[in-house]
Enquirer: 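Just dropping this structure here.
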Number of protein chains: 2
Amino acid sequence: MNSSSAAPGGSARREATRQKLYEAAVTLIAEQGFSATTVDEIAERAGVAKGTVYYNFASKSVLFEELLRHGVGLLTASLREAADRTARAGGSKGDALDAMIRAGLEFIARYPAFTQLYVAELWRTNRAWQSTLMVVRQEVVAVIEGVLREGVASGEFGDETDIPLTAAALVGMVLVAALDWQAFQPERSLDDVHAALSRLLQGRVGGHRAARAG
Amino acid sequence: MNSSSAAPGGSARREATRQKLYEAAVTLIAEQGFSATTVDEIAERAGVAKGTVYYNFASKSVLFEELLRHGVGLLTASLREAADRTARAGGSKGDALDAMIRAGLEFIARYPAFTQLYVAELWRTNRAWQSTLMVVRQEVVAVIEGVLREGVASGEFGDETDIPLTAAALVGMVLVAALDWQAFQPERSLDDVHAALSRLLQGRVGGHRAARAG
DNA sequence: GTTTTTGTACTGACCAGTCAGTCCAAAGAT
DNA sequence: ATCTTTGGACTGACTGGTCAGTACAAAAAC
């Protein structure tokens with residue numbers, strides 16, 4: 001994915017202004033939601049005149065859509081990098097999953113506001129940016145599904161594994177655990193959180209009862 | 001939880017109107033978000049005049065808060081019932097967890113709009129209803145944590161189990177998997193989805209590598 | 001000298017919340 | 001039986017304010 005796909009010309013100065021606007025918008029929208037956040041607020045927090053917002057983005061929703069694309073680009077890059085690194089080190093697909101969980105946690109710890117905003121908007125229908133969101137969601141899920149699929153192909157995971165559903169469940173597990181960690185027990189370390197999730201994934205909580213799949 | 005806690009007098013007619021308003025509000029807010037949904041829209045979809053909304057609720061946010069309390073009451077009751085039923089049948093705590101996952105999926109399948117709206121608002125800060133949301137979240141999490149705690153006490157789950165984090169992760173797993181199911185593959189059966197999540201929880205995907213907890 | 005930013009002022013649509021008044025069923029009053 | 005009153009439920013036009021987006025001249029920045 002071209003990280004600067006939305007910045008046609010893009011002088012350094014302009015890019016810096018855009019970045020300031022992204023940062024201002026992401027926290028405000030995470031806290032208040034898209035509709036409740038005003039363009040005046042975004043401009044003020046970015047330390048920029050309102051006119052500048054409209055000089056750099058066609059509208060409030062375009063600003064938001066580019067913000068989404070930008071953030072998800074960072075996340076998928078990070079997940080892919082984690083999977084590749086494990087593969088190069090000769091790890092199993094289970095190790096790759098573990099590394100991706102860690103990468104996910106690191107991303108959320110670094111960009112909690114973006115994550116919040118992403119979750120809040122993901123399942124909304126009837127919104128202007130819904131199609132953008134679909135594309136962007138598919139990119140994240142595809143990375144995880146890829147690892148699952150390879151694991152099934154190599155026999156490491158059972159071939160009755162439900163790839164799309166498992167991918168979604170993994171995303172949910174990491175997402176909600178991490179947001180809860182940030183919101184309600186921020187003093188805990190990333191290692192701590194990672195260990196708890198690994199444990200859960202290894203079935204040392206749910207137990208190893210016989211399958212009763214339908 | 002007293003289901004009519006917010007309706008002091010409550011004639012049958014009034015209660016019916018309130019119910020219509022809840023139903024109209026929940027879908028609209030799930031689709032568009034709280035701020036983007038207007039009171040006029042809610043009134044129109046409920047088939048009442050705008051004044052009626054304000055006759056029945058002090059404000060738009062009070063309507064929303066009562067909606068939250070109402071919905072979460074249904075969810076916790078359902079989860080508790082699932083846990084109790086398993087316990088009475090002599091099942092393990094792992095079985096109870098499994099039953100609660102099923103109950104969660106059933107709830108989400110029945111009230112997808114409510115679930116959507118809950119997820120979207122859960123991690124927002126600085127909102128008027130934030131305290132309501134905290135209380136209501138705690139009720140859900142407490143039910144799950146209770147089962148985990150009992151499982152640890154009885155030795156069924158390892159005593160290094162991180163109860164709050166695991167509870168959050170479980171909620172996330174079910175929530176995201178279910179929302180994805182509803183949104184992207186609604187043709188699949190509940191049994192199917194339940195089986196995939198059970199499998200994941202039993203560690204038959206993540207593998208059974210040695211722990212490397214911090 | 002061209003691009004980008006600023007600051008201020010403005011418009012027009014939209015929206016939460018209000019309020020004077022309607023509707024009606026049930027309870028007296030005659 | 002007929003008239004009057006009462007009060008809860010509901011109505012919808014209206015108000016005061018808010019906000020996305022525009023306009024533009026002058027100043028920086030490059």
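Everything numeric in this text was worked out from a predicted model, so none of it was measured. Proteins come first, then strands; the chains are lettered A, B, ... in the order of their sequence lines, and each starts at number 1.
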Enquirer: Taking only the side-chain nitrogens and oxygens of B:T52, find out if one of them lies under 4.0 Å from OP1 or OP2 of D:dA9.
Expert: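 Answer no for this pair, as no side-chain N or O of B:T52 is under 4.0 Å from OP1 or OP2.
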Enquirer: With under 30° as parallel and over 60° as perpendicular, where do the rings of A:F57 and A:Y22 fit, or are they tilted in between?
Expert: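 Geometry flag for A:Y22 against A:F57: tilted rings.
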Enquirer: Starting from P on C:dA9, measure out to OH on A:Y54 and report it in whole angstrom.
Expert: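 From A:Y54 OH to C:dA9 P: 19 Å.
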Enquirer: Could you please name the option among D:dG12, C:dT3, C:dT6 that lies closest to any side-chain atom of A:Y55?
Expert: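 Shortest atom-to-atom distance from the side chain points to C:dT3.
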Enquirer: So B:V53, base contact, sugar-phosphate only, or nothing? Heavy-atom distance under 4.0 Å.
Expert: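 No contact at all - B:V53 keeps every heavy atom at 4.0 Å or more from the nucleic acid.
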Enquirer: Between A:R85 and A:E81, is there a salt bridge with N-O shorter than 4.0 Å?
Expert: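 A salt bridge is present here (some side-chain N lies under 4.0 Å from a carboxylate O).
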Enquirer: Near DNA chain C, which residues from residues 34-47 of chain B have a heavy atom under 4.0 Å away?
Expert: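 Correct list: B:T37, B:T38, B:V39.
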Enquirer: Go through the structure and list residues passing salt bridge (Lys or Arg N to Asp or Glu O under 4.0 Å) with B:E23, not counting sequence neighbours.
Expert: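 Here no residue qualifies.
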Enquirer: Both B:N56 and A:A58 contact DNA chain D. Which one's nearest nucleotide lies toward the 5' end?
Expert: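 Residue closer to the 5' terminus by nearest nucleotide: B:N56.
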Enquirer: Are any protein N/O atoms closer than 3.5 Å to N/O atoms in nucleotides 26-29 of chain D? If there are, list each pair with its distance.
Expert:
none

Enquirer: Counting only heavy atoms not in A:Q19, do more than 12 fall under 6.0 Å of its CD?
Expert: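 More than 12 heavy atoms, drawn from other residues, nucleotides or ligands, come within 6.0 Å of this atom.
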Enquirer: Ion pair present between A:R45 and A:E41, side-chain N to carboxylate O less than 4.0 angstrom?
Expert: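 Salt bridge between A:R45 and A:E41, a charged N being under 4.0 Å from a carboxylate O: no.
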Enquirer: Are OP1 or OP2 of C:dT5 and a side-chain N or O of A:T17 less than 4.0 angstrom apart?
Expert: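 Indeed, a polar side-chain atom of A:T17 lies that close.
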Enquirer: Who are the salt bridge (Lys or Arg N to Asp or Glu O under 4.0 Å) partners of A:R149, not counting sequence neighbours?
Expert: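 For A:R149 the salt bridge (Lys or Arg N to Asp or Glu O under 4.0 Å) partners, ignoring immediate neighbours, are A:E145.
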Enquirer: Quick one: list whatever passes salt bridge (Lys or Arg N to Asp or Glu O under 4.0 Å) with A:R188, sequence neighbours left out.
Expert: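 In terms of salt bridge (Lys or Arg N to Asp or Glu O under 4.0 Å), with neighbours along the sequence ignored, A:R188 is linked to A:D192, B:D162.
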Enquirer: Looking at every heavy atom in both B:A96 and B:T86, which two are closest together, and how far apart are they?
Expert: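 Heavy atoms of B:A96 and B:T86 come nearest at N-CG2, 3.6 Å.
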Enquirer: Could you state the CZ-P distance from A:F57 to D:dT22, rounded to the nearest angstrom?
Expert: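 The distance from CZ of A:F57 to P of D:dT22 comes to 15 Å, rounded to the nearest Å.
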Enquirer: Sequence neighbours left out, what passes ring pair (Phe, Tyr, Trp, His ring centres under 6.0 Å) with B:Y118? Give chain and number order.
Expert: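 Not a single residue meets the ring pair (Phe, Tyr, Trp, His ring centres under 6.0 Å) criterion with B:Y118.
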Enquirer: Looking only at the side chain of B:R14 (C-beta and beyond, no hydrogens), which of the listed nucleotides D:dC10, D:dT11, C:dT6 gets closest?
Expert: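 From the listed options, D:dC10 comes nearest.
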Enquirer: Kindly indicate whether the side chain of A:K60 and the base of D:dG21 share any N or O donor-acceptor pair separated by less than 3.5 Å?
Expert: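 Between D:dG21 and A:K60, which were checked side chain against base, a qualifying N/O pair under 3.5 Å is absent.
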Enquirer: Once you round it to whole Å, what is the distance between C1' of D:dA9 and NZ of B:K20?
Expert: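 Result: 12 Å.
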Enquirer: Whole-Å distance between C:dT5 C1' and A:E15 CD?
Expert: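 In whole Å, C:dT5 C1' lies 16 Å from A:E15 CD.
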Enquirer: Rounding to an integer number of Å, can you tell me how far A:K50 NZ sits from C:dG7 C1'?
Expert: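 That distance rounds to 12 Å.
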